[in-house]
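Index from 1, following the sequence.
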Amino acid sequence: MESGGGRNLGVVFAGSYLVNSALKYGLNVPRPFADDPGLVSDAARATAGGPSLPSGHAQMSATLWAGIAAQVRRPAMWVAAAVLIALIAGSRLALGVHSPVDVLVGLLLGGIAAWVAGRAAFADAGTWRWAVPVVVLLVAAVLPSGTPREFGTGLGLFAGFWYARPSFAPPRDLAGRLIVGVVGLLVVFAVFFGLGALPGAVKDVGLVRALRYAVLVVVAVEGVPAVLRRWMPRTSLPTVTPSQAETTPLR
C-alpha cells in the first residue's frame with residue numbers, strides 16, 4: 001500500500017458509508033422479512049438495521065477489502081478480498097435479511113468506491129486539511145432532530161480520516177507488532193467506550209456523534225502512534241497539495 005493509502009481508503013470508506021445511508025433511508029425499501037418477521041431468526045434480525053436497499057454489509061466489505069487490494073495490487077490480495085466479500089455478501093442472502101438486488105447494488109457501489117480508493121489522492125496540507133473537516137462537522141451540527149444515527153457516524157468518520165495524516169512506520173519485529181496491536185486496541189477501545197458513556201440525550205446529537213467518531217479516528221491514526229513512538233518511528237510522508245490531488249493520474 002502506498003504512503004497515505006490508508007488515509008485515502010478511510011476517506012473513501014466514510015464516503016461510501018454516507019452514500020449507503022442516504023440511499024437506504026432515501027429509498028426506504030423494506031426488508032424481505034418485513035411482512036413476516038418469523039422468516040428469519042432473532043439473531044439475523046439483530047444484524048439488519050434500517051431499510052434494505054442497498055446492502056450495507058456487501059457495500060462496505062467491497063469498499064474495504066477491494067479497496068485494499070486495489071492499493072496493494074497483488075494477486076493474492078485480490079483473491080483474499082474476493083473470498084471475504086463473497087462470504088459476507090452471501091451470508092446476507094443466507095440469513096434472509098437482504099434480497100439479491102440489495103446485495104448486487106451494494107457490491108456495485110462498493111466496487112466503485114474501491115476503484116476510487118485505488119486511484120484517488122486527497123489533499124492533506126494547508127487550508128484543505130482543516131477546512132474540509134470543519135465544513136463536514138458544520139453539516140453534522142445542522143442535522144434535523146430524528147436524523148438516523150448513521151449520518152452523524154459517517155460524517156464523523158469522514159472528518160476524522162480527512163484530517164488525519166499518518167506519519168509513522170509500523171514496527172518490523174514481531175514483538176513490536178504485538179505491543180502496538182495490543183496497546184493500540186486498548187487505547188482505541190478506552191476512547192470509544194469513554195465517549196460512549198456520555199448521556200444518551202447528548203451522545204446521539206448529530207454534532208456530538210460526529211465529533212465522537214472524528215476523535216476516535218484521529219486517536220487511532222495519530223494518537224496511538226505518538227504514544228508508541230518507540231516502536232513506530234516517525235517517517236516523512238509526501239504531502240498531497242490540492243493541485244496534485246486534482247492532477248493525480250488514474251492508473
Taking every non-hydrogen atom, the tightest pair across [X] and [Y]:
X    : Y   : value
A58  : A89 : CB-CB, 4.3 Å
R92  : S55 : CG-OG, 4.0 Å
A117 : G67 : CB-CA, 4.3 Å
G56  : H98 : N-NE2, 4.3 Å
P37  : A34 : CD-O, 4.1 Å
P32  : L39 : O-CD1, 4.5 Å

Are [X] and [Y] connected, step by step, through hydrophobic side chains (Ile, Leu, Val, Met, Phe, Trp, Tyr) whose heavy atoms are closer than 4.5 Å?
X    : Y    : result
V227 : F189 : yes
I85  : L9   : yes
V135 : L137 : no
V79  : L84  : no
V139 : F158 : yes

Practice item. Look at atom OH of Y25 and say whether more than 12 heavy atoms of other residues, nucleotides or ligands are closer to it than 6.0 Å. Key: yes
**Study point:** Residue Y17 excluded, over 12 heavy atoms near OH under 6.0 Å
**Key:** yes
Point to revise | Test side chain to side chain contact (heavy atoms under 4.5 Å, CB included) applied to V224 and L228, step by step | key: CA-CA 6 Å; V224 170; L228 300 176; 3.8 Å; yes
**Study point:** Test of ring centre spacing under 6.0 Å for W130 and Y163
**Key:** no
Close side-chain approach of [X] and [Y], heavy atoms under 4.5 Å:
X    : Y    : result
L27  : P51  : no
T147 : P144 : yes
L108 : L104 : no
L18  : S21  : no

Review point. Between R73 and W78, is NZ or CZ placed under 6.0 angstrom from the six-membered ring centre and within 45° of the ring axis?
Key: no
Going from [atom1] on [X] to [atom2] on [Y], what distance comes out if it is rounded to the nearest 0.5 angstrom?
X    : Y    : atom1 : atom2 : result
T47  : H57  : OG1   : NE2   : 5.5 Å
Q59  : L107 : CD    : CG    : 9.0 Å
S99  : F33  : OG    : CZ    : 12.0 Å
L143 : L138 : CG    : CG    : 11.0 Å
S61  : L87  : OG    : CG    : 10.0 Å
T63  : L109 : OG1   : CG    : 8.0 Å

Expected list for residues 205-223: side-chain donor-acceptor pairs under 3.5 angstrom, two or more places apart:
residue : atom : partner : partner atom : Å
R209    : NE   : R149    : O            : 3.2
R209    : NE   : T153    : OG1          : 2.8
R209    : NH1  : D204    : OD1          : 2.7
R209    : NH2  : T153    : OG1          : 3.4
R212    : NH1  : K203    : O            : 3.1
E222    : OE2  : R129    : NH2          : 2.9
E222    : OE2  : R165    : N            : 2.7

Practice item. Please step through side chain to side chain contact (heavy atoms under 4.5 Å, CB included) for the pair L53 and V105, ending with a clear verdict. Key: CA-CA 8 Å; L53 177 68; V105 172; 3.9 Å; yes
Exercise for review: Show your working on side chain to side chain contact (heavy atoms under 4.5 Å, CB included) between W128 and W162 and close with a plain yes or no.
Suggested key: CA-CA 9 Å; W128 281 88; W162 188 283; 4.1 Å; yes
Review point. Side chain to side chain contact (heavy atoms under 4.5 Å, CB included) between F161 and N8: does it pass, once the steps are laid out?
Key: CA-CA 8 Å; F161 277 117; N8 293 331; over 6 Å; no
Review point. What pairs meet the salt bridge (Lys or Arg N to Asp or Glu O under 4.0 Å) rule with one or both residues in residues 31-48, with sequence neighbours excluded?
Key: D42-R45
